[in-house]
Amino acid sequence: MASIWTIEQIENALPQRRPFIFIDGVDAIDIENARVVCYKNVTMNENFLQGHFPNNPVMPGVLITEALAQAGIILYAVLKPEVAAKKPIYYLGKSEIRFTNPVLVGDKLMLDVTAEKLMPSAGIVSVKALVDNKTAAHGKIYFGIKN
Amino acid sequence: MSKNIDTEKIKAEIKQIVAEIAEVELDELTPEATFTEDLGVDSMMALEIVASIEKKYKISVPEEEIPTIRSLQNVYDIVLKILG
């Protein structure tokens with residue numbers, strides 16, 4: 001299914017820039033349940049896969065966490081547009097992520113993020129990364145927001 | 001109708017939660033110590049404290065109350081008011 005957001009909308013919501021954007025598209029936005037689902041297509045073009053690991057490319061857990069955190073920023077931009085419009089700095093405070101399955105070349109990594117608490121200066125989101133409906137990672141991300 | 005709640009037990013539990021999240025010793029954590037200046041608790045930790053307490057006591061702290069939380073005493077007051 002095609003992304004419901006354009007690349008321009010994604011880049012407008014995220015402070016990161018290429019090659020450090022880990023969101024290729026937005027699959028669903030559910031404002032009522034404070035949830036978004038984004039995705040990242042993992043291809044052999046990713047430069048980090050050349051070294052992680054030679055002849056055995058696996059997406060690093062820290063980058064899965066980063067992708068989930070970026071999906072969290074998109075969720076924040078959807079639910080708190082008045083704060084996001086000021087282009088604040090988002091900083092990662094704490095991540096509690098359990099990795100359950102490897103993410104490999106060719107996988108479409110779904111980044112399912114639900115708000116637990118969002119404030120103008122901080123937020124907590126529940127996160128789940130899935131490949132073919134199988135959980136690759138899940139947990140919570142705590143982040144701060146500074147103007 | 002007033003509920004029969006064990007105030008001292010709840011205060012001890014809240015203190016434990018705050019100490020763990022703020023990474024401070026229980027002795028250091030006086031009710032009046034200010035989160036930001038004395039204990040180095042930022043807004044993110046304050047939110048984490050609120051989320052933990054909401055989960056433990058199955059309560060909901062109104063969003064507008066969260067910025068007013070500046071000390072352990074504030075947390076006691078808010079939780080005990082809600083549990084009432």
Side-chain angles (χ1 to χ4, degrees), chain A residues 14-16 31-36 62 65-66 68-98 112-128 138-147, chain B residues 10-11 13-26 28-29 33-84:
Chain A
L14 294 176
Q16 292 87 349
I31 291 178
E32 201 179 322
N33 293 307
R35 173 173 172 250
V36 298
V62 286
T65 304
E66 175 63 27
L68 288 163
Q70 291 187 7
I73 294 175
I74 287 180
L75 176 66
Y76 193 87
V78 167
L79 297 176
K80 297 267 184 207
E82 69 288 354
V83 181
K86 292 178 190 160
K87 302 284 175 197
I89 297 165
Y90 299 92
Y91 62 98
L92 181 64
K94 182 169 140 183
S95 58
E96 290 171 354
I97 311 286
R98 183 170 294 281
D112 190 331
V113 179
T114 304
E116 284 207 2
K117 268 219 168 312
L118 294 184
M119 300 284 296
S121 61
I124 304 173
V125 287
S126 286
V127 298
K128 199 187 272 187
H138 62 95
K140 270 187 204 182
I141 290 177
Y142 302 73
F143 60 100
I145 297 127
K146 271 188 191 156
N147 279 299
Chain B
I10 289 170
K11 280 186 176 180
E13 289 168 351
I14 292 171
K15 188 174 179 179
Q16 188 69 43
I17 289 170
V18 173
E20 277 173 24
I21 292 170
E23 294 178 4
V24 294
E25 297 297 326
L26 284 170
E28 247 183 283
L29 189 56
T34 56
F35 278 177
T36 315
E37 289 83 14
D38 298 333
L39 304 171
V41 171
D42 59 17
S43 57
M44 204 163 31
M45 286 182 191
L47 196 59
E48 191 179 347
I49 289 165
V50 170
S52 295
I53 283 166
E54 285 185 334
K55 194 174 174 189
K56 180 161 182 69
Y57 299 107
K58 298 182 175 59
I59 58 173
S60 177
V61 176
E63 201 171 294
E64 61 274 14
E65 298 253 27
I66 299 173
T68 70
I69 298 174
R70 297 202 173 86
S71 67
L72 182 59
Q73 187 63 50
N74 292 155
V75 184
Y76 290 159
D77 293 344
I78 288 171
V79 174
L80 292 171
K81 185 174 82 181
I82 295 170
L83 291 174

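Each chain gets a letter, A, B and so on, in the order its sequence line appears, and its residues count up from 1.
Atom NZ of A:Lys128 has 12 or fewer neighbouring heavy atoms from other residues, nucleotides or ligands inside a 6.0 Å radius. For A:Lys87, the NZ atom sits in a packed shell: over 12 heavy atoms of surrounding residues, nucleotides or ligands are nearer than 6.0 Å. Within a 6.0 Å radius of CD in A:Glu82, other residues, nucleotides and ligands contribute more than 12 heavy atoms. No more than 12 heavy-atom neighbours from other residues, nucleotides or ligands sit within 6.0 angstrom of CD on B:Glu23.
Here the straight-line distance linking atom CG of B:Leu47 with atom OG of A:Ser121 works out to 7.5 Å at 0.5 Å rounding. One distance of note links OH of A:Tyr142 with CD1 of B:Ile21; it measures 7.0 Å at 0.5 Å rounding.
Heavy-atom minimum distance, B:Pro67 versus A:Met119: CD-CE, 4.0 Å. Summarising the geometry of A:Phe143 relative to B:Met44, their closest heavy-atom pair is C-SD, 3.1 Å, with the distance given to 0.1 Å.
Here B:Glu63 pairs with A:Lys80 in a salt bridge; the nearest charged N to carboxylate O distance falls below 4.0 Å.
Contacts with chain B were tallied for A:Ile124, A:Ile145, A:Leu118; A:Ile124 has the most, counting heavy-atom pairs under 4.5 Å. Note on A:Lys94, A:Glu116, A:Lys140: by heavy-atom pairs under 4.5 Å with chain B, the leading option is A:Lys94.
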